[in-house]
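To keep things clear, I will list the structure first and then write my remarks on it.
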There are 2 protein chains.
Amino acid sequence: MIQLFQGIDDEGLKRLAQCMRMRITNFQSGEQIAQLGTIIEKVGILLEGTAHIEMSDADGTCTRVQSLLSGDVFGELFFLPHEDRFCVVEADTPCRVMFLDWKHVIRPCPQSCDPHGRLIANLFQLAAEKTRQLSAYTDILSQRTMRQKLLTYFSTLSRETGSRTITLPMSLAALSEYLCVDRSAMMRELKSMRQEGILEADRRVITLKKL
Amino acid sequence: MIQLFQGIDDEGLKRLAQCMRMRITNFQSGEQIAQLGTIIEKVGILLEGTAHIEMSDADGTCTRVQSLLSGDVFGELFFLPHEDRFCVVEADTPCRVMFLDWKHVIRPCPQSCDPHGRLIANLFQLAAEKTRQLSAYTDILSQRTMRQKLLTYFSTLSRETGSRTITLPMSLAALSEYLCVDRSAMMRELKSMRQEGILEADRRVITLKKL
DNA sequence: ACAGAACTGTGGGAAATGCAACAGCATTGG
DNA sequence: CCAATGCTGTTGCATTTCCCACAGTTCTGT
């Protein structure tokens with residue numbers, strides 16, 4: 001199920017395809033799907049496969065800044081790169097990608113078709129979700145101590161799943177990068193949190209004991 | 001000049017006002033302008049005055065998470081609060097605020113009027129700008145050392161103004177909070193950066209000497 | 001089944017950062 | 001003009017975090 005097309009039936013999709021000149025392209029693993037500039041030009045929807053956005057720093061180092069899964073929407077709307085940086089979307093596995101022209105999206109079609117309005121609403125919904133994720137992330141990073149970073153992240157996960165026991169969606173090594181802290185220091189911190197009875201931790205499975 | 005209405009003339013504004021049931025309300029200092037829920041309901045535009053968004057934490061502490069100036073747009077689209085948090089917009093000075101109903105914004109009017117499309121495009125533009133700001137901020141916070149945080153922030157400012165000499169838009173004390181570091185530690189770091197010839201710093205005026 | 005790679009867990013020592021406290025300067029409002 | 005307040009700049013000391021190194025485990029592809 002693709003969120004972007006939620007509430008739009010096949011009939012509507014066909015009309016939309018005409019309205020906004022949809023085109024679908026296939027990419028192989030490692031192939032470049034798009035480059036992101038500083039103005040909004042295109043909207044991409046990953047129909048199948050996995051990909052990621054990577055950013056070249058001024059000094060040449062590449063950083064993977066975002067992972068994209070099936071159904072994800074990407075483009076300048078959702079990730080406007082900084083001016084002096086080079087930003088590309090690259091396929092991790094074979095991908096099937098749909099592109100829309102931005103200018104056709106925002107220009108309501110003459111018939112003012114219903115699916116079009118729906119699509120725009122969905123796009124906004126996705127944009128809002130994006131900012132929510134980003135602000136949740138800054139919420140974590142703005143914590144001063146590592147313990148607070150960890151607890152902020154864990155309680156977000158716990159809230160989302162509705163359970164005190166959570167399974168991390170990434171390796172502990174990746175978690176340390178996500179939190180922007182040293183891995184060994186994080187292990188040490190987890191250890192002392194365990195000793196203080198704040199949580200139980202066995203590899204990726206964490207159980208929060210106190211609030 | 002209000003960005004949201006860029007490219008729309010008075011004639012168009014009048015039509016829009018009908019289309020989407022614009023209404024304008026005045027607020028006094030300290031008055032609550034709106035509460036932000038978890039679904040998109042309204043779009044607010046601050047026409048005059050200054051305000052801020054504050055978030056009540058689970059433990060009751062209030063944090064000012066965003067300042068709003070004349071022309072700023074707020075609402076769930078731009079700031080979706082976390083589920084268990086209570087989020088309000090409050091006036092700092094007397095404010096004049098315009099509200100639009102979200103459902104009328106995304107529903108293209110029967111006549112498919114041109115200003116409507118323009119408004120939607122502007123809204124997207126603003127949303128994109130918001131995510132850009134947020135990701136610039138995470139870019140800073142994700143730096144591991146204070147020096148890198150400072151340099152990342154300074155070079156962003158420098159890039160924006162196109163000059164190597166920048167004037168901080170806030171006090172040094174506020175800057176330390178923005179960067180989520182200790183103020184005295186930051187002063188110390190600025191001092192050693194000055195001594196190493198990386199920059200010149202006199203109060204809020206900073207000159208970058210090396211890249 | 002095996003080799004290689006990635007991940008987890010631990011520790012010592014170095015470096016960075018935070019905390020607390022204080023003094024001088026600038027700004028503001030009566 | 002003065003007092004009060006907030007901002008800047010500095011320091012000693014405690015703590016946290018980082019860096020590096022190593023060992024055991026799990027995972028992965030052949």
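In the text below, chain A, chain B and the rest are named by the order of the sequence lines, each starting its count at 1.
The two residues B:F5 and B:N122 make their nearest non-hydrogen contact at C-ND2, 3.9 Å. Annotation for B:F154 and B:L175: closest pair CE2-CD2, 4.3 Å, computed over non-hydrogen atoms.
Note that CE of B:M98 and CD1 of B:I24 are 4.0 Å apart. Values are rounded to the nearest 0.5 Å. Between atom CD1 of residue A:I45 and atom CZ of residue A:R96 there is a gap of 12.5 Å, rounded to the nearest 0.5 Å.
Between B:S171 and B:K191, the residue anchored closer to the 5' end of DNA chain D is B:S171, taking for each the nucleotide with the nearest heavy atom.
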Please set out all donor-acceptor pairs under 3.5 angstrom arising from side-chain atoms of residues 178-187 of chain A, sequence neighbours excluded.
unit_1 : atom_1 : unit_2 : atom_2 : d
A:D182 : OD2    : A:S184 : N      : 3.1
A:D182 : OD2    : A:S184 : OG     : 2.5
A:D182 : OD2    : A:A185 : N      : 3.1

Side-chain donor-acceptor contacts of residues 197-207 of chain B below 3.5 Å, not counting sequence neighbours, with atom names and distances?
unit_1 : atom_1 : unit_2 : atom_2 : d
B:E200 : OE2    : B:K209 : NZ     : 3.1
B:T207 : OG1    : B:T165 : OG1    : 3.1

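Proximity of B:F124 to A:I120: side-chain heavy atoms (C-beta onward) are separated by under 4.5 Å at one or more points. Side-chain contact check for B:T167 versus B:T161: every heavy-atom pair is 4.5 Å or farther apart.
Partners of B:Q3 by side-chain contact (heavy atoms from CB on, under 4.5 Å), not counting sequence neighbours, listed by chain and number: B:L126. Residues satisfying the salt bridge (charged side-chain N to carboxylate O under 4.0 Å, His left out) test with A:D101, not counting sequence neighbours, are A:R23, A:K103. Under the rule for a ring pair (Phe, Tyr, Trp, His ring centres under 6.0 Å), A:F99 has no partner lying at least two apart in sequence or in another chain. Under the salt bridge (charged side-chain N to carboxylate O under 4.0 Å, His left out) criterion, A:E196 pairs with A:R147, not counting sequence neighbours. Listed by chain and residue number, A:M170, A:S171 satisfy the side-chain contact (heavy atoms from CB on, under 4.5 Å) test with A:A174 (two or more places apart in sequence, or in another chain).
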Do any N or O atoms of the protein come closer than 3.5 Å to N or O atoms of nucleotides 27-30 of chain D, and which pairs are they?
none

Listed pairs, N/O of protein and of nucleotides 17-19 of chain D, under 3.5 Å:
unit_1 : atom_1 : unit_2 : atom_2 : d
D:dT17 : OP1    : A:M146 : N      : 2.8
D:dC18 : OP2    : A:D182 : N      : 3.0
D:dC18 : N4     : A:R188 : NH2    : 2.5
D:dC19 : N4     : A:S184 : OG     : 3.1

With the criterion being N/O to N/O and under 3.5 Å, what pairs connect the protein with nucleotides 24-26 of chain D, and how long is each?
none

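Within a 6.0 Å radius of CZ in A:R144, more than 12 heavy atoms belonging to other residues, nucleotides or ligands are found.
Atom CD of A:Q143 is separated from atom P of D:dT16 by 16 Å (rounded to the nearest Å). Here D:dT8 presents its C1' atom at 10 Å from CZ of B:R204, a figure rounded to the nearest Å. Taking atom CE of residue A:M187 and atom P of nucleotide D:dC22, one finds them 19 Å apart after rounding to whole Å.
For A:R132 and A:E129, the salt-bridge test passes: some basic side-chain N is under 4.0 Å from an acidic carboxylate O.
Summary for the helix from C:dA1-D:dT30 to C:dG30-D:dC1: the axes at its two ends, each from 5 pairs, differ by 70° when rounded to the nearest 10 degrees.
Scanning DNA chain C 5' to 3' for nucleotides with an atom closer than 4.0 angstrom to a non-hydrogen atom of chain B gives a first and last hit of C:dT17 to C:dA26.
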